[in-house]
Amino acid sequence: MKILATLPIILFGGLLSASATADIQAGQWEATSQIVAVKGQGLPAGMVDMMKSQVHTHSYCMTQAEIDDNPQAMFDQTDGQCQYTDFNMGGGRLDATAVCNTPQGSMQMKMSGTYTATTFQSENRMVMNSPMGNITMTAQSSGKRTGACTG
């Protein structure tokens, strides 16, 4: 279930509009995500509680050049496993749909959230088709600019 560990990172990949990237401040960013609900048949005992108990945090640096030239890098750490079929970021709103293909199965995700120049938050609803059957998950994610790049 490696894909479950990478879900928080998957939650923000995609293409941003030029007007949206002008709003985002360069610097060190930290993103945190936690699965808050899981439903599925055939899940091993204790798996739901284990998934919900894990908080994933990822810290990264975004330069202004990266934001201007490759804004999806700010959110996309999926090693090419996910492709966004729809991604809209503008006017303080985030809305996206993605499809991810992994060795553990395929997943469809819908993201809805908000952002400012230095923060973002979203709710992400995912349906994963795995050998165990369909698993439906909801995650809460947030991020913030923590200062100048440190590395």
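Residue pairs that meet the salt bridge (Lys or Arg N to Asp or Glu O under 4.0 Å) test with at least one member in residues 138-150, sequence neighbours left out, do not exist here. Listed by first and then second residue, the salt bridge (Lys or Arg N to Asp or Glu O under 4.0 Å) pairs that reach into residues 31-40 come to none, sequence neighbours excluded.
Residues Ser141 and Asn124 bring a donor and an acceptor atom of their side chains to less than 3.5 Å of each other. Side-chain polar atoms of Glu123 and Gln140 form a donor-acceptor pair below 3.5 angstrom. Under the 3.5 Å distance criterion, with hydrogens and angles disregarded, no donor-acceptor pair is assigned to the side chains of Asn101 and Ser106.
In terms of heavy atoms, Cys149 sits closest to Met62 at SG-N, 3.9 Å. Between Val48 and Leu43, the closest heavy-atom pair is CG2-CD1, 3.6 Å. Scanning all heavy atoms of the two residues, the minimum distance from Trp29 to Thr118 falls at CH2-C, 3.5 Å. Nearest heavy atoms, Leu94 versus Thr114: CD1-O, 3.8 Å.
Crowding of Gln108 atom CD: a count of heavy atoms from other residues, nucleotides or ligands under 6.0 Å not exceeding 12.
One distance of note links OG of Ser112 with CZ of Arg125; it measures 9.0 Å at 0.5 Å rounding. To the nearest 0.5 Å, atom CE of residue Met109 and atom OG1 of residue Thr97 are 7.5 Å apart.
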